[in-house]
2 protein chains.
Amino acid sequence: MQHQPVEQGQLVDQDNFQKVKEEFSSFLETHGHRKTPERFAILEEIYSRQDHFDADALFMDMKSKNFRVSRATVYNTLEILTNCNLVIKHQFDSNNALYERAYGFKQHDHLICKGCGKIVEFCDPRIHGITSMVGELMKFKIDDHKLTLYGLCGDCQD
Amino acid sequence: MQHQPVEQGQLVDQDNFQKVKEEFSSFLETHGHRKTPERFAILEEIYSRQDHFDADALFMDMKSKNFRVSRATVYNTLEILTNCNLVIKHQFDSNNALYERAYGFKQHDHLICKGCGKIVEFCDPRIHGITSMVGELMKFKIDDHKLTLYGLCGDCQD
DNA sequence: ATCCCTGCAAAGGGTTTGCAGACGC
DNA sequence: GCGTCTGCAAACCCTTTGCAGGGAT
């Protein structure tokens, strides 16, 4: 079983990325956080990616491009970005968290191949019906969900 | 924010537990694993619980009852039990995995309160419709899923 | 000038592993 | 008796933390 990252998701054009930077900037401002070059460099690196990556991959990637960052700052910035909803953090099955950018993309869920580890995205509007109904039934105010399907992809069957 | 375990789920009567033991026993046999007293003691401890627990809680619990087990054996047995579908392993958001028994209970999903950490279970048949449709669309053979909803429970609202 | 943020390295916490003795089979 | 399982403790890996210097405000 060979796990591999998957390139997927829409591209981010320059206009959208401008909006992302502004959103991050104002979030930092309103929360009393400084606007450091490291934070924006990390944001940029994340938005140039299209896959689900872990903190270390991001760190190594920036190192290889001669950005001078530390793991501590990568983790710190990932947390801030998660808090302001520009990044989504996933705890799939492995020990380490996976992240993906989140601005301007349709809400989606994931399909994971147990054979090769491939991660595929999908959307299904019916999930909203389920969340709102269950929330009402259980007296919860639901504001988020994670749905992950597991199986074998076309290549890994038979 | 004070996280607390939740007592929930159906009780396991003696008849059902007998079946569970037999299932475990034959799984061990067919897979060339030995039937050690530790493994059955751990199975029994798990099925006497009704909550979502982590490996260490299970370990401490057995220690407190003067079972002589090691963490290594607890982890080992949890993995075997997960493989034979008598236990489900969850990677919610915390660093540590949570487990729950899985025999003879309806398939269900989870609702997690972001306030107090309470975990509530629910069933919704529509999920099967989604999994089968998405599987067909994406050419995946789906055989499992995890749906988790996040929000605030009645007690933690306002 | 303040004091938050950074880099570095060490600590932390859950899980896995290596090894010698124990015990199913 | 063979070969796996166990307990113990150390190793491992990802993530967080402590600290001293640096830079945003």
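In this text, all values refer to a predicted model and were calculated from it rather than measured experimentally. Chain letters run A, B, ... following the sequence lines, proteins first, then strands; residues in each count from 1.
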Gap between atoms CZ and P, on Phe67(B) and dG7(D) respectively (whole Å): 12 Å
Glu45(A) and Lys65(A) ion-paired at < 4.0 Å: yes
Separation of dC13(D) P from Asn95(A) CG (nearest whole Å): 10 Å
CD (Glu79(B)) with more than 12 external heavy atoms under 6.0 Å: no
Which nucleotide in dT25(D), dG7(C), dC5(D) has an atom nearest any side-chain atom of Lys35(A): dT25(D)
Side chain to side chain, Met138(A) and Phe122(B), heavy atoms closer than 4.5 Å: yes
Centroid-centroid under 6.0 Å between His110(B) and Phe92(B) rings: yes
Whole-Å gap separating C1' (dG14(C)) and CZ (Phe53(B)): 16 Å
Nearest-Å distance for atom pair CG/C1', residues Leu78(A) and dC14(D): 13 Å
Residue whose nearest DNA chain C nucleotide is more 5′ - Tyr99(B) or Pro37(B): Tyr99(B)
Side chain of Tyr75(B) - closest among dT6(C), dC8(C), dG14(C): dG14(C)
Short side-chain N/O contact to dC8(D) OP1/OP2 from Ser70(B), under 4.0 Å: no
Nucleotide nearest Ala72(A) when distance is taken to its side chain, options dT2(C), dG7(C), dT15(C): dG7(C)
Inter-axis angle, terminal five-pair segments of the helix from dA1(C)-dT25(D) to dC25(C)-dG1(D) [nearest 10°]: 40°
Spacing between Met62(A) atom CE and dG7(C) atom P, to the nearest angstrom: 9 Å
Parallel, tilted or perpendicular: ring planes of His145(B) versus His128(B), cut at 30 and 60 degrees: perpendicular
Proximal nucleotide (of dC14(D), dA24(D), dT15(C)) relative to the Asn96(B) side chain: dT15(C)
Touch class at under 4.0 angstrom, heavy-atom based, for Asp54(A) against every strand present: nothing
Spacing of Glu38(B) atom CD relative to dC8(D) atom C1', expressed in whole Å: 14 Å
Phosphate OP1/OP2 of dT6(C): any Thr36(A) side-chain N/O under 4.0 Å: yes
Atom-pair distance (CD1 on Ile80(B); C1' on dT6(D)), nearest Å: 12 Å
Salt-bridge contact Lys146(A)-Asp109(A) (side-chain N to carboxylate O under 4.0 Å): no
Donor-acceptor pair between Asp93(A) and Tyr150(A) side chains, under 3.5 angstrom: yes
Rounded interatomic separation in angstrom, taking CZ from Arg34(B) and P from dC25(C): 7 Å
Between His31(A) and Asn83(A), a side-chain donor and acceptor under 3.5 Å: no
Under 4.0 angstrom between Arg39(B) side-chain N/O and dC5(D) OP1 or OP2: yes
Nearest-neighbour nucleotide for the Val69(B) side chain, dT6(C), dT16(C), dG7(D) considered: dG7(D)
Touch class at under 4.0 angstrom, heavy-atom based, for Asn76(B) against every strand present: sugar-phosphate
